[in-house]
Amino acid sequence: METPTVSQSQIVEVSEIVEFAQPANAGLSSHTLVPATLRKITRTSFYLLLALSPLLFGSVHETVWPLWCTGIFALLAAYSIVCPAALSHAFQAGSPSRFALLCLLTWLAYCVAQSLAFSSLSISEYPLAQIGSLLVNRDGVVNALLLISSFIALFSIGVAYTRVHPSFVRNLINFICLVALTVSLIALGHWYYDNGRLFWYFEPDNVFTSDRARWPFVNSNHLGNFLLPLLMIALGRFTEVAREIFAELTSKRRPMRSALSVLSSGSHFQRKLASLGFYAISALASATAILASLSRASWIGLALAIGAFTLLLWATAPKDHGDSQALAQSGSGSRYRIQGRNSHVVLRIRDWGRPLLAIAAVTLILIFLNQRGGELFVDRLDYGLMYTKDDIRWQLYNDSIPMFWSHPLFGRGLAAWASYYPQFMHPLLGGINPVYLHSDPLQMLIELGIVGVLPLLVLILGLSRAVFSALKSNARPCLLAALFSGMLGMLFGAAFDFPLHIPVIGFYLAIYLTCVCFLLTSSEGIREDRRGQRG
């Protein structure tokens with residue numbers, strides 16, 4: 001294929017990739033694989049789950065989240081009976097979704113086998129093993145297996161539906177940004193006056209007031225961990241839409257002063273501007289709520305996520321070739337070669353972008369530090385600098401490390417940390433009965449051992465490699481980088497708390513993984529199309 005020649009004043013479209021591109025081998029329609037009634041039930045179920053589960057105290061109530069799990073299992077059973085072809089079509093050999101599902105099923109199988117094996121042992125018969133049925137937390141094992149199974153089931157349904165209905169991913173992303181805005185406004189509203197009740201009416205098990213933003217979650221740290229990936233998704237969509245607007249403005253064959261007339265030239269461009277404002281407000285509200293949660297782990301996780309997002313976009317951004325030409329890429333994957341006098345417009349806008357972002361960040365900080373926010377923020381920093389070493393978490397970690405080394409390969413048993421911790425507890429902590437270690441990765445390593453954690457490590461490393469490869473192909477890099485960075489930041493926050501034990505965070509994590517697998521599958525299809533065109 002010959003490369004077209006371009007005049008100095010032209011803008012030539014090199015390639016165009018449709019937004020939320022159709023995955024590879026997706027020739028079958030949703031009408032063929034998934035019946036209309038089941039499609040409506042799936043959409044309604046996902047929207048209800050995303051909207052209601054955060055508002056119900058994070059769905060931690062002992063009667064609420066089992067109902068969610070029951071609905072998820074029933075929906076998966078419907079797919080298995082009514083349209084099993086949709087599931088098989090979604091998890092084709094070699095696809096990222098199949099790789100993720102195999103890792104998750106291996107992890108689940110290990111948890112089940114370990115629980116059955118340990119519950120059948122007797123301490124009197126195996127005194128050296130120091131494990132047995134007397135110390136197995138049966139309720140904890142059942143709850144943990146239920147949460148893991150519902151995570152896998154929700155991920156399977158999401159992959160099967162988005163595989164045959166790609167536009168649903170766009171709706172999910174927009175709805176997630178709407179949830180981020182709603183939860184953030186609720187948290188900020190309660191932050192100024194908290195009477196210990198959600199919506200000033202509903203009471204959790206223990207009613208107390210707090211100076212930290214925490215509602216609709218009971219724990220402020222969980223609010224921060226929940227909003228962190230949502231903030232990154234809103235930031236990713238904001239970046240995508242901004243790139244689309246930028247590419248549309250600079251693609252006009254006229255000076256910048258004439259290109260500004262596009263603002264009033266059509267409803268399509270105005271809708272993009274409205275979308276840009278919505279994502280900006282959602283990201284700003286989420287960032288403010290995370291700061292108001294006063295969660296140090298969430299702050300550091302957010303800084304890590306934003307840093308990773310920036311580095312990923314910088315590493316995959318098209319390079320400028322001299323002062324006479326610049327390459328601008330829209331969020332939908334379109335590439336434009338901009339030459340002539342419009343190239344100076346590109347460079348000017350890029351020069352303006354960085355100081356504008358800096359001004360926006362300073363403005364956010366000044367708004368937050370005003371009066372109440374400033375006092376709480378400074379007090380929290382003082383506490384962190386002066387008393388972090390005295391935090392009880394460090395003693396919990398110090399006591400738990402010997403527990404890991406006593407059984408490093410196969411672990412102590414699923415949900416068994418709380419049962420064994422009194423044997424390793426420091427005498428100064430007598431009378432304290434913690435339920436969670438406040439470090440999900442460390443607790444998981446202690447309970448499952450190296451062998452039990454290995455499938456998750458393989459999943460994380462495999463997806464990381466696939467994400468980097470997809471980013472290089474420039475297929476929706478902003479959204480993919482935002483999803484990956486948000487999940488990375490949330491996992492870092494989980495190292496200092498137990499958000500992965502909160503059902504709603506597990507549900508949303510399954511949605512994130514679904515979207516990542518969809519984008520990775522789309523990238524594979526785009527690369528195959530390019531190879532075919534070059535051939």
Side-chain angles (χ1 to χ4, degrees), residues 30 33-91 97 100-101 104-105 107-108 111-112 139-165 167-169 171-176 178-180 182-183 198 202 204 216-218 222 226 229-230 415 499-515 517-518:
S30 59
L33 292 179
V34 183
T37 303
L38 188 56
R39 293 201 307 272
K40 294 179 181 179
I41 294 175
T42 302
R43 290 195 299 267
T44 304
S45 300
F46 269 74
Y47 290 145
L48 288 178
L49 179 68
L50 291 174
L52 297 181
S53 57
L55 302 181
L56 300 175
F57 302 106
S59 299
V60 296
H61 197 274
E62 59 183 3
T63 59
V64 172
W65 78 273
L67 293 178
W68 286 119
C69 296
T70 303
I72 294 172
F73 294 145
L75 188 58
L76 180 61
Y79 269 79
S80 302
I81 296 173
V82 177
C83 51
L87 294 174
S88 60
H89 177 66
F91 298 100
S97 57
L101 182 63
L104 292 173
L105 290 178
W107 180 44
L108 176 61
C111 294
V112 173
D139 292 337
V141 169
V142 172
N143 291 333
L145 291 178
L146 187 60
L147 189 57
I148 296 172
S149 301
S150 62
F151 175 87
I152 298 176
L154 186 61
F155 168 70
S156 302
I157 298 170
V159 171
Y161 189 73
T162 56
R163 179 74 171 180
V164 298
H165 204 299
S167 62
F168 184 60
V169 176
N171 298 332
L172 276 179
I173 295 299
N174 292 334
F175 197 81
I176 285 175
L178 180 61
V179 171
T182 303
V183 172
L198 177 59
F202 298 103
F217 292 82
V218 180
H222 297 160
F226 173 78
L230 275 67
L500 299 183
H501 287 85
I502 306 302
V504 64
I505 294 181
F507 295 154
Y508 269 73
L509 188 59
I511 301 297
Y512 305 148
L513 185 59
T514 299
C515 295
C517 288
F518 172 84

Relative to the ring of Phe168, is the ring of Phe46 parallel (under 30°), tilted (30 to 60°) or perpendicular (over 60°)? perpendicular
For a quick check under 3.5 Å, do His61 and Ser59 share a side-chain donor-acceptor pair by atom type? no
Search all heavy atoms of Cys517 against all heavy atoms of Ser97 and return the closest pair with its distance. SG-CA, 3.9 Å
Minimal heavy-atom distance between Ser45 and Ile41, with the atoms involved, is OG-O, 2.7 Å
In terms of heavy-atom contacts, Cys111 and Ile148 come closest through SG-CD1, 4.1 Å
Interatomic distance, Trp65 atom CH2 to Leu56 atom CG [nearest 0.5 angstrom]: 14.5 Å
Please table the atom pairs, donor to acceptor, closer than 3.5 Å between any side-chain atom in residues 501-510 and protein atoms at least two apart or in another chain.
unit_1, atom_1, unit_2, atom_2, d
His501, ND1, Asp440, OD1, 2.8
Tyr508, OH, Leu50, O, 2.4

Go through the steps for Val159 and Leu87 under the test side chain to side chain contact (heavy atoms under 4.5 Å, CB included), then give the verdict. CA-CA 8 Å; Val159 171; Leu87 294 174; over 6 Å; no
Under the side-chain contact (heavy atoms from CB on, under 4.5 Å) test, which residues partner Phe73, sequence neighbours left out? Cys69, Leu146, Ser149, Ser150, Ala153
Please report the shortest heavy-atom distance between Pro229 and Tyr512, naming the atom on each side. CB-CE1, 3.5 Å
Quick one: CG on Leu76 to CD1 on Ile81, what's the gap to the nearest 0.5 Å? 10.0 Å
Quick one: pull up CD1 in Ile157 and CD1 in Ile152 and give me the separation to the nearest 0.5 Å. 12.0 Å
Counting C-beta onward and ignoring hydrogens, is there a side-chain heavy-atom pair between Thr42 and Tyr79 closer than 4.5 Å? yes
For Ile173 and Cys515 the tightest heavy-atom approach is CD1-SG, 4.1 Å
Flag the pair Leu154 / Leu49 as yes when at least one side-chain heavy-atom distance between them is below 4.5 Å, and no otherwise. yes
Test log, rule side chain to side chain contact (heavy atoms under 4.5 Å, CB included), inputs Leu52 and Trp68: CA-CA 10 Å; Leu52 297 181; Trp68 286 119; 3.9 Å; yes
Taking the side chain as every heavy atom from C-beta outward, state whether Val164 and His89 have any pair of such atoms under 4.5 Å apart. yes
Return the CG to CG distance between Leu500 and Leu147, rounded to the nearest 0.5 Å. 9.0 Å
With sequence neighbours excluded, tell me which residues meet ring pair (Phe, Tyr, Trp, His ring centres under 6.0 Å) with Phe91. none
Rounded to the nearest 0.5 Å, the OH atom of Tyr47 sits from the CG atom of Asn171 at a distance of 4.0 Å
Ser156 pairs by side chain to side chain contact (heavy atoms under 4.5 Å, CB included) with which of Leu105, Leu101, Ile72? Leu101
Closest heavy-atom pair and its distance - Leu104, Phe155: CD1-CD2, 4.1 Å
Gap separating the CG atom of Leu172 from the OG1 atom of Thr162, nearest 0.5 angstrom: 8.0 Å
